> 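Just passing along the structure, written as structure tokens.
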Amino acid sequence: METVCVFCKIIQGEIPCATLLDTPEVLAFLDISPVRPGHALVIPKEHAATVFDLSPTSATAVFAAIQRVGKGVMQTTGATGLNVLQNNFAASGQMVPHVHWHLIPRVEGDGLELWKQGSYAGMEEMQVLAKRIAEQCKIA
Ligand code: AMP
């Protein structure tokens with residue numbers, strides 16, 4: 001059956017990429033449309049659409065790769081910070097439905113604003129919401 005997933009095509013060598021790390025479980029390569037030069041993607045070779053679909057084995061391998069590639073990106077670009085970001089489902093901004101982690105090198109004062117933070121009315125509102133989420137965590 002023909003593969004339609006763009007990242008599976010990269011893994012299979014059908015689409016070229018600028019490879020950073022290639023292990024039996026994980027591939028890392030430069031994002032074709034970088035937020036900053038050195039912006040890397042770390043993906044599991046197992047096809048999983050979101051973080052919820054990823055096997056524990058792949059998850060472990062991915063995090064080891066994030067540490068290796070993250071250090072390499074920082075050292076090579078001279079970055080003094082690194083954002084590790086990951087989107088799930090279209091509403092979060094996920095464009096490629098093959099789970100992946102963005103590694104974005106940062107320097108002080110680079111002007112990149114990733115999100116705008118808000119506030120709660122108070123601790124009571126936080127506790128009510130936290131309790132509801134905690135209940136779901138027990139059954140999830
Ligand atoms: P997301 O919005 O989290 O799904 O991010 C998907 C990322 O994949 C984007 O930053 C794209 O620039 C990147 N991307 C898509 N196609 C390719 C490709 N062929 N090679 C490298 N990066 C890609």
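Counting starts at 1 for both ligands and their atoms, following the listed order. In this chain, numbering begins with 1 at the start of the sequence shown. Everything quoted here is computed from the prediction, not taken from an experiment.
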> Under a 4.5 Å cut-off applied to non-hydrogen side-chain atoms, are Glu25 and Lys45 in contact?
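In short, these two side chains do not touch, never coming nearer than 4.5 Å.
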
> Tell me which part of Trp101 gets within contact of ligand 1: side chain, backbone, both or neither, using heavy atoms under 4.0 Å.
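None of Trp101 does.
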
> Have a look at Ile10, Asp31, Asn87, Val35 and point out the one with the heavy atom closest to atom 10 (O) of ligand 1.
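Ranked by closest heavy atom to atom 10 (O) of ligand 1, first place is Asp31.
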
> Any side-chain heavy atom of Pro37 within less than 4.5 Å of one from Thr77?
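A side-chain contact under 4.5 Å is absent here.
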
> Any idea which part of Leu30 is under 4.0 Å from ligand 1, heavy-atom wise: side chain, backbone, both or neither?
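It is the backbone that touches ligand 1; the side chain stays farther off.
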
> Hey, are Arg132 and Glu135 close enough for a salt bridge, meaning a charged N less than 4.0 Å from a carboxylate O?
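Salt bridge between Arg132 and Glu135, a charged N being under 4.0 Å from a carboxylate O: no.
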
> Give a yes or no answer on whether the side chain of Asp110 reaches the backbone of Leu112 with a donor-acceptor pair at less than 3.5 Å.
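Pair found, side chain donor or acceptor close to backbone of Leu112.
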
> For the atom pair CZ (Phe29) and CG (Leu20), what is the distance rounded to the nearest 0.5 Å?
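The CG atom of Leu20 is 9.0 Å from CZ of Phe29, to the nearest 0.5 Å.
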
> Identify, for atom 2 (O) of ligand 1, the protein heavy atom at the shortest distance, and state residue, atom and that distance.
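The protein heavy atom lying closest is Gly93 O, 2.7 Å.
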
> Counting heavy atoms only, which part of Ile32 comes closer than 4.0 Å to ligand 1: side chain, backbone, both or neither?
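It is both backbone and side chain that touch ligand 1.
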
> Is a salt bridge present between Asp31 and Arg36, judged by a nitrogen-to-oxygen distance below 4.0 Å?
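Here Asp31 does not pair with Arg36 in a salt bridge, since their nearest N and O are not under 4.0 Å apart.
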
> Look only at interatomic distance and state if Val96 has a nitrogen or oxygen under 3.5 Å from any nitrogen or oxygen of ligand 1.
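Val96 vs ligand 1: N/O contact under 3.5 Å present.
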
> Between His102 and His100, is the ring centroid distance below 6.0 Å?
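Yes, ring centres under 6.0 Å apart.
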
> Pairs of nitrogen or oxygen atoms closer than 3.5 Å, one from His100 and one from ligand 1: do any exist?
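There is such a contact, yes.
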
> Please state which option from Phe7, Phe29, Phe89 has its nearest heavy atom closest to atom 16 (N) of ligand 1.
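It is Phe7 that holds the nearest heavy atom.
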
> Can you check whether Leu21's main-chain N or O pairs, donor with acceptor, with Thr19's side chain at less than 3.5 Å?
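Between the backbone of Leu21 and the side chain of Thr19 there is no qualifying donor-acceptor contact (under 3.5 Å).
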
> Which atoms of ligand 1 are found less than 4.0 Å from any heavy atom of Ser33?
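It comes down to these atoms of ligand 1: 12 (O).
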
> Looking only at N/O atoms, are Leu41 and ligand 1 under 3.5 Å apart anywhere?
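It does not: no N or O of Leu41 is found under 3.5 Å from an N or O of ligand 1.
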
> May I ask you to identify, for His102, whether its side chain, its backbone, both or neither come under 4.0 Å of ligand 1 on a heavy-atom basis?
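Side chain only.
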
> Quick one: nearest non-hydrogen protein atom to atom 4 (O) of ligand 1, plus distance?
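I find the closest protein heavy atom is Met95 N, 2.6 Å.
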
